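Here's the structure, in structure tokens; my notes come after.
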Amino acid sequence: MPSFIQTSSAALLLLLAVMLGGSNAQLSPTFYASTCPNLNSVVTTALGQAVQSDIRAGAKIIRAHFHDCMVDGCDGSVLLDDDAANGIDSEKDEAPNQTLDYDIVDTIKTAVENACPGVVSCADILALASQIGVALAGGPTWQVPLGRRDSRTANAAGTSGIPSPFDSLDQQQQKFRDVQLDDSTDLVALSGAHTFGRARCGTFSFRIGTDPNLDPTFSDVLAQICQGGANTLTNLDTSTPDDFDRNYYTNLQNNRGLLKTDQDLFSTNGSSTVAVVNRFAGSQTQFFDAFVQSMIKLGNLSPLTGTNGEVRTNCRRIN
Ligand code: HEM
């Protein structure tokens, strides 16, 4: 073969490898097809039962997945307990993670371990159960790329990269850019997860009676609710609290976003996020399509694959 052909095919292969590497080709929806063929139905049953007794179960899982992926990628690090002997300073003690629910993850993990011992990582369980939780609430279904492995370390300091409800829009956007998520479409689409679940008064009560972008009638309702104190919970989506739909965005158009960070996506004059909110408010299909794409992007953040990390048998500790 002439050497120029050899050189150009080698260059092509290299280019292909770089392109595939960049999109995390190691992850695949069929990763467990032979090692845990019933994985989908096992997780659907376990999460379905959890939702029966706690309507927030799906919301709790997707929030845990987001907080996992924002800190050094989707590697299950957020699930590790403190473990001084192994040098683990848990991410759980940090402000954004103090209100995550780890018991639901354990419940699903136990069901998966019973069906396929030692095979499915905790990071993958978060990714897959996120999709199932969204679908159970009426949202889109998609093929979840799988094959992540679990970290043997945690990064407590790294939790500062998780968006806070007290951040400005600029700060939220910076945190998304820092992990190579887009600060307009990904930010607005993924924030749409606030179409279900709850938040504590302590995360938004500073807006009551002071924020010009908070509907006065809604503000009065919130003032009543928050007489219960900073830990009182209320719906993130005031119109259809437990349904995965586009109403999160129509709420924003009506100054009925619960968190200031939600409302800022729509109320910040001149921001590129405004048009995206309007687009999703006007079309559930456009919201769902974008949400799926952004969820796959989120799930692809720096996964451990191959022989890196491990498959934890207990999500709370390394093997
Ligand atoms: C973009 C900036 C974001 C901010 C500032 C933010 C902030 C918050 C806050 C403050 C809460 C309430 C926590 C509490 O009261 O303890 C919350 C709940 C929630 N967040 Fe976010 N979040 C953001 C993005 C996301 C993303 C990208 C997702 C998922 C893809 C997500 C999913 C959820 C869900 C489902 C809940 C309700 C959980 C439950 O009911 O327990 N959030 N978020």
Side-chain angles (χ1 to χ4, degrees), residues 50-51 54-71 74 78 92 94-105 126-127 129-131 133-134 136-137 139-140 142 159-179 181-207 222 225-226 228-237 241-244 248 252 257-266 273 276-277 287-288 290-299 301:
V51 169
D54 176 4
I55 190 70
R56 286 167 66 196
K60 288 171 170 180
I61 289 280
I62 195 174
R63 181 167 180 241
H65 177 51
F66 173 55
H67 289 202
D68 181 31
C69 297
M70 290 300 283
V71 180
C74 314
V78 69
K92 296 181 178 181
E94 306 304 314
N97 294 336
Q98 284 169 0
T99 51
L100 289 181
D101 186 338
Y102 302 96
D103 293 344
I104 289 185
V105 184
L126 286 181
S130 292
Q131 186 277 309
V134 166
L136 286 174
W142 69 95
T159 57
S160 61
I162 297 170
S164 146
F166 310 106
D167 282 347
S168 65
L169 179 58
D170 279 350
Q171 287 170 316
Q172 287 192 77
Q173 290 182 307
Q174 187 61 52
K175 287 177 178 178
F176 268 60
R177 285 196 299 269
D178 285 347
V179 295
L181 289 174
D182 171 81
D183 64 8
S184 190
T185 310
D186 289 333
L187 174 61
V188 177
L190 291 174
S191 295
H194 289 171
T195 179
F196 65 173
R198 312 284 181 267
R200 289 164 305 137
C201 285
T203 63
F204 61 82
S205 57
F206 66 95
R207 306 180 61 206
L222 296 177
I225 292 169
C226 291
N231 287 329
T232 307
L233 290 166
T234 195
N235 303 323
L236 276 157
D237 173 350
D242 299 316
D243 297 336
F244 200 97
Y248 164 82
L252 300 184
L258 186 67
L259 304 181
K260 180 179 168 292
T261 41
D262 292 324
Q263 194 59 51
D264 282 351
L265 300 173
F266 178 73
T273 54
V276 187
V277 171
F287 164 42
F288 282 5
F291 185 77
V292 167
Q293 279 190 36
S294 296
M295 281 299 291
I296 291 174
K297 224 167 137 180
L298 176 70
L301 296 180

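Remember, it's 1-based here, ligands and their atoms both numbered in the order they're listed. Model, not experiment: these values are computed from the prediction. Index from 1, following the sequence.
- Of all the heavy atoms of Leu259, the ones lying under 4.0 Å from any atom of ligand 1 belong exclusively to the side chain.
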Before giving the answer on side-chain hydrogen bond (donor to acceptor under 3.5 Å, both in side chains), spell out for Asp170 and Gln174 the whole-Å C-alpha distance, their side-chain angles and the decisive distance to 0.1 Å. CA-CA 6 Å; Asp170 279 350; Gln174 187 61 52; over 6 Å; no
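- Between Val71 and Ile162, the closest side-chain pair of non-hydrogen atoms falls below 4.5 Å.
- Side chains of Ile55 and Arg198 form a contact here, defined as non-hydrogen atoms less than 4.5 Å apart.
- The single protein non-hydrogen atom nearest to atom 4 (C) of ligand 1 is Pro163 CB, 4.0 Å, given as residue, atom name and distance.
- The distance criterion of under 3.5 Å between nitrogen or oxygen atoms is met by Thr99 with respect to ligand 1.
- Numbered from 1 in the order shown, with element, the atoms of ligand 1 that lie under 4.0 Å from a heavy atom of Leu187 read 1 (C).
- Both the sub-6.0 Å distance and the 45° axial angle are satisfied by Lys92 relative to the ring of Tyr102.
- Interface of Phe176 with ligand 1, defined as ligand atoms under 4.0 Å from a residue heavy atom, comprises 1 (C).
- In this structure, Thr195 contributes its side chain and Gly192 its backbone to no donor-acceptor pair below 3.5 Å.
- Backbone and side-chain nitrogen or oxygen atoms of Arg200 are examined, and one is located within less than 3.5 angstrom of a nitrogen or oxygen of ligand 1.
- Taking the six-membered ring where the residue is Trp, Phe288 and Phe244 present tilted rings, their angle falling between 30° and 60°.
- Nearest heavy-atom pair across Asp264 and Thr273 is O-OG1, 4.5 Å.
- Under a 4.0 Å criterion applied to the non-hydrogen atoms of Ser191, ligand 1 contributes the atoms 1 (C).
- Each of the following atoms of ligand 1 lies closer than 4.0 Å to a heavy atom of Ala199: 12 (C), 15 (O).
- Counting heavy atoms from C-beta on, the side chains of Leu298 and His65 come closer than 4.5 Å.
- Looking only at side-chain heavy atoms (C-beta outward), Leu187 and Leu181 stay at 4.5 Å or farther from each other.
- Side-chain contact between Met70 and Pro163 is present, with heavy atoms from C-beta onward closer than 4.5 Å.
- For Asp101 and Arg56, the salt-bridge test fails: no basic side-chain N is under 4.0 Å from an acidic carboxylate O.
- Looking at Asp101 against ligand 1, nothing comes within 4.0 Å, counting heavy atoms.
- Here atom 28 (C) of ligand 1 lies nearest to Ala193 when heavy atoms of Ala230, Ala193, Gly192, Ala189 are compared.
- The proximity of Gln98 to ligand 1, defined as any non-hydrogen pair under 4.0 Å, does not occur for either the backbone or the side chain.
- Residue-level proximity to ligand 1 for Arg56 is carried by the side chain, the only part with a heavy atom below 4.0 angstrom.
- The shortest contact between atom 38 (C) of ligand 1 and any protein heavy atom is with Arg63 CD, 3.8 Å.
- Checked against a 3.5 angstrom limit, the closest N/O atoms of Lys60 and ligand 1 fall outside it.
- Of the heavy atoms in Gln172, only side-chain atoms (C-beta onward) come closer than 4.0 Å to ligand 1.
- Counting only heavy atoms of the protein, atom 24 (C) of ligand 1 lies nearest to Phe66 CE2, 3.4 Å.
- Contacts with ligand 1 closer than 4.0 Å are made by heavy atoms of both the backbone and the side chain of Leu190.
- Between Tyr248 and Phe266, the distance from one ring center to the other does not fall under 6.0 angstrom.
- At a 4.0 Å heavy-atom cut-off, ligand 1 touches Leu236 through the side chain alone.
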Could you go through the salt bridge (Lys or Arg N to Asp or Glu O under 4.0 Å) check for Lys297 and Asp182 one step at a time? CA-CA 10 Å; Lys297 224 167 137 180; Asp182 171 81; 5.5 Å; no
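- The proximity of Ser130 to ligand 1, defined as any non-hydrogen pair under 4.0 Å, does not occur for either the backbone or the side chain.
- Scanning all protein heavy atoms for the shortest distance to atom 10 (C) of ligand 1 gives Pro165 CG, 3.5 Å.
- Of all the atoms in ligand 1, the ones that sit under 4.0 Å from a non-hydrogen atom of Ile62 are 35 (C).
- Close approach to Gly197 involves these atoms of ligand 1, each under 4.0 Å from a residue heavy atom: 37 (C), 40 (O).
- The protein atom (non-hydrogen) at minimum distance from atom 20 (N) of ligand 1 is His194 NE2, 2.9 Å.
- No side-chain heavy atom of Leu100 sits less than 4.5 Å from a side-chain heavy atom of Val105.
- Shortest contact from atom 35 (C) of ligand 1 to any protein heavy atom: Ala59 O, 3.2 Å.
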